[in-house]
There are 2 protein chains.
Amino acid sequence: MKTTVGDWTESFLGTRNLLRRVRDKLLHEARVVSYKQGQQVFGPDNIPDSLMFLHVGRIRVSQSSDAGREIVLYRVEAGESCVLTTACMLSEEAYNAEGIAETDVTAITLPRTSFDRLAAEEDSFRGFVFSAYSRRLIDLLRVVDDVAFGRMDVRLAERLLALGEGHSEIQATHQALANELGTAREVVSRILNDFQKRGLILQTRGRITLQNKPQLEILANSA
Amino acid sequence: MKTTVGDWTESFLGTRNLLRRVRDKLLHEARVVSYKQGQQVFGPDNIPDSLMFLHVGRIRVSQSSDAGREIVLYRVEAGESCVLTTACMLSEEAYNAEGIAETDVTAITLPRTSFDRLAAEEDSFRGFVFSAYSRRLIDLLRVVDDVAFGRMDVRLAERLLALGEGHSEIQATHQALANELGTAREVVSRILNDFQKRGLILQTRGRITLQNKPQLEILANSA
DNA sequence: TTGCGTTAAGTGACATTGTCACTGAAGAGT
DNA sequence: ACTCTTCAGTGACAATGTCACTTAACGCAA
């Protein structure tokens, strides 16, 4: 079933209590775009010229070093907007972050002129954009805090718990976890082996089982 | 000589090409605030309820860990706005960054309702705010990149060059430099002693002389 | 099923950075 | 000259990052 701008506008109106007349404006000027899981949505060599609002799926925004290391900055969930592209567009500065579709993704793009006009005319739309910016700023503060001051074992425990929420099986390679945290695979291996020795987890190739969540939580909160 | 809202509006109009009618709006609703050098402008326990635009001076925005370490996120210069407070206000989330007046500071505050209205009515004002957000987002990307992937000696060399721009004498304690970079004093001492052995700098208590800028630049660019 | 190629994970040595508990040194004020 | 306070130095150790490998697990095809 094909997603339409109307579908999104509907859900957007629902979650954001936008005035009904916003709908018509959006319907005329927005366009639907799709990405397959794993595709790059934006990146240094792929700077979009319109604003993006995520309708379905999840986008992982990460930054990578020239040495090949990588760190996840945040994730854009359905209903949110991707302000980094907006930021880049508006300030016309370079950045070296990229967005990868973590699932199949459907998004709505709004040309810059439409964005400007909507931001001018609709309070709730403008509020949505401002608060999207704010949330990301605060996300980044958290990342800085973690990276600058946090211990790696604590951060890893946090991620494991987050990834294993609801269940206890995590499908992720050590390399993938290292890319989440901005560290090296060897470091993750070291810490996970330690966790295993302590009975906190079980490991098989590409899969981790959380064995003792309470203890992991204690560790994760011992920031 | 006392600064007035008019003074600021004048310079703001100048730098931002705002429409002239913005002036009147600002004149009625903005208020001037001042801080002495070293005073906290905002912080976790001191969340402002209005938006701030810096007229004179410089604000250092930093984040600190509970272990007492500290890292500078960016600096707000005259003519810029302090979006972090805005972000916090709009999203009503907690953060643990603080702003310190690095010089005597004069700023203009705008109540939230005025901010909303101006953002709605004046394109250039809105554009100013959006691009302020964008700049900070990108600043933070840079910080994340540095902290996650950068070498400490390289980062320190960068700072020294930045602080010694135009001259070659820097007045800063090792502790202060550590707080810039989010590391420990001992680490800075170690690296500076190494720099000195290599003839890149000279040190006396509380003061560093850049002896060999070209070499420092090579180091700083060997990211 | 056996072998092969690919990807994931383990290992040990070493470099860098962070932490701790100190000691020593330089300047400010009396 | 004698304190006080602040700044910087030191050595041992822990945590993290890097490198150059080796070993193991799985997917697939002969």
Side-chain angles (χ1 to χ4, degrees), chain A residues 38 63-71 144-160 169-198 201-209 219-220 222-223, chain B residues 38 63-71 144-160 169-198 201-209 219-220 222-223:
Chain A
Q63 194 169 39
S64 47
S65 76
D66 20 52
R69 259 163 68 198
E70 204 176 316
I71 185 169
V144 170
D145 195 286
D146 279 1
V147 174
F149 306 130
R151 288 179 53 93
M152 200 52 83
D153 52 355
V154 173
R155 293 174 59 207
L156 184 50
E158 276 171 7
R159 286 290 170 143
L160 291 179
E169 291 278 299
I170 298 168
Q171 198 137 24
T173 66
H174 294 187
Q175 183 64 62
L177 291 168
N179 288 347
E180 290 276 330
L181 300 172
T183 185
R185 176 188 58 80
E186 295 92 319
V187 174
V188 170
S189 293
R190 217 157 29 198
I191 297 174
L192 286 181
N193 286 335
D194 180 56
F195 284 180
Q196 185 162 36
K197 266 180 207 138
R198 295 205 262 157
I201 61 168
L202 278 183
Q203 296 181 78
T204 58
R205 181 190 171 96
R207 161 177 254 95
I208 296 166
T209 309
L219 180 57
S222 71
Chain B
Q63 195 169 38
S64 47
S65 76
D66 19 53
R69 260 162 68 199
E70 202 177 316
I71 185 170
V144 170
D145 195 286
D146 279 0
V147 174
F149 307 131
R151 290 181 53 93
M152 199 51 83
D153 52 355
V154 173
R155 293 174 59 206
L156 183 51
E158 277 172 7
R159 288 288 170 145
L160 292 178
E169 291 278 299
I170 299 168
Q171 198 137 23
T173 66
H174 294 186
Q175 183 65 62
L177 291 169
N179 289 347
E180 290 276 331
L181 300 172
T183 185
R185 176 188 59 81
E186 295 93 320
V187 175
V188 170
S189 294
R190 225 172 3 213
I191 297 174
L192 285 181
N193 286 334
D194 180 55
F195 284 0
Q196 185 161 35
K197 265 180 208 141
R198 295 204 263 156
I201 61 168
L202 280 182
Q203 297 182 78
T204 59
R205 181 190 171 96
R207 161 176 255 93
I208 297 167
T209 309
L219 180 56
S222 70

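Predicted model, so just to flag it, every value in this text is computed and none were measured. All chains are named by letter (A, B, ...) in the order of the sequence lines, taking the proteins before the strands, and each is independently numbered beginning at 1.
Base engagement by B/R190 is indicated by at least one non-hydrogen atom pair under 4.0 Å involving a base atom. Residue B/R151 is classed as a sugar-phosphate contact, given heavy-atom separations below 4.0 Å to backbone atoms only.
Between the CE atom in A/M152 and the CG atom in A/D146 there is a gap of 9.5 Å [rounded to 0.5 Å]. Here OG1 of B/T183 is found 9.5 Å from CZ of A/F149. Values are rounded to the nearest 0.5 Å. If you take OG1 on A/T209 and CD on A/Q171, they are separated by 10.5 Å, rounding to the nearest 0.5 Å. Separating the CG atom in A/L192 from the CD1 atom in A/I201 is a distance of 4.5 Å, to the nearest 0.5 Å. One distance of note links CG of B/N193 with CZ of B/R198; it measures 12.0 Å at 0.5 Å rounding.
One N or O on the side chain of A/R69 and one on the backbone of B/A148 form a donor-acceptor pair closer than 3.5 Å.
Rounded to a whole Å, the CD1 atom of B/I191 is 10 Å from the P atom of C/dT16. The interatomic distance linking B/M152 (CE) with C/dT19 (P) rounds to 10 Å, in whole Å. When the C1' atom of C/dT6 is taken as reference, atom CD of A/Q175 falls 15 Å away, rounded to whole Å. Summarising the geometry, the separation between CZ on A/R207 and C1' on C/dA9 is reported as 16 Å, rounded to the nearest angstrom. Summarising the geometry, the separation between CD on A/E186 and C1' on C/dT11 is reported as 10 Å, rounded to the nearest angstrom. Rounded to whole Å, the distance from CZ on B/F149 to C1' on C/dT16 is 17 Å. The nearest whole Å value for the distance from the CZ atom in B/F195 to the P atom in C/dT16 is 12 Å.
Using a 4.0 Å cut-off between charged side-chain N and carboxylate O, A/R190 and A/D194 make no salt bridge.
Heavy-atom nearest nucleotides on DNA chain D were determined for A/G150 and for B/Q196, and the one closer to the 5' end corresponds to B/Q196. Of the two residues contacting DNA chain D, namely A/D153 and B/A172, the nearest-nucleotide position lying further toward the 5' end is that of B/A172. Both A/T173 and A/A148 lie close to DNA chain C; mapped to their nearest nucleotides by heavy-atom distance, the more 5′-ward contact belongs to A/T173.
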Output one line per pair: protein atom, nucleotide atom from nucleotides 23-29 of chain C, and distance, for all N/O pairs under 3.5 Å.
from	atom 1	to	atom 2	distance (Å)
C/dA26	N3	B/R205	NH1	3.1

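Here chain A contacts DNA chain D (any atom closer than 4.0 Å to a heavy atom, that is under 4.0 Å), and the contacts span D/dA15 to D/dC26 from 5' to 3'.
Of the side-chain N and O atoms in A/R185, none sit less than 4.0 angstrom from OP1 or OP2 of C/dA8.
Within the 4.5 Å cutoff, the side chain of A/V187 has no heavy atoms near those of the A/L156 side chain.
A/R155 and A/L181 get closest at one heavy-atom pair: NH2-O, 2.7 Å.
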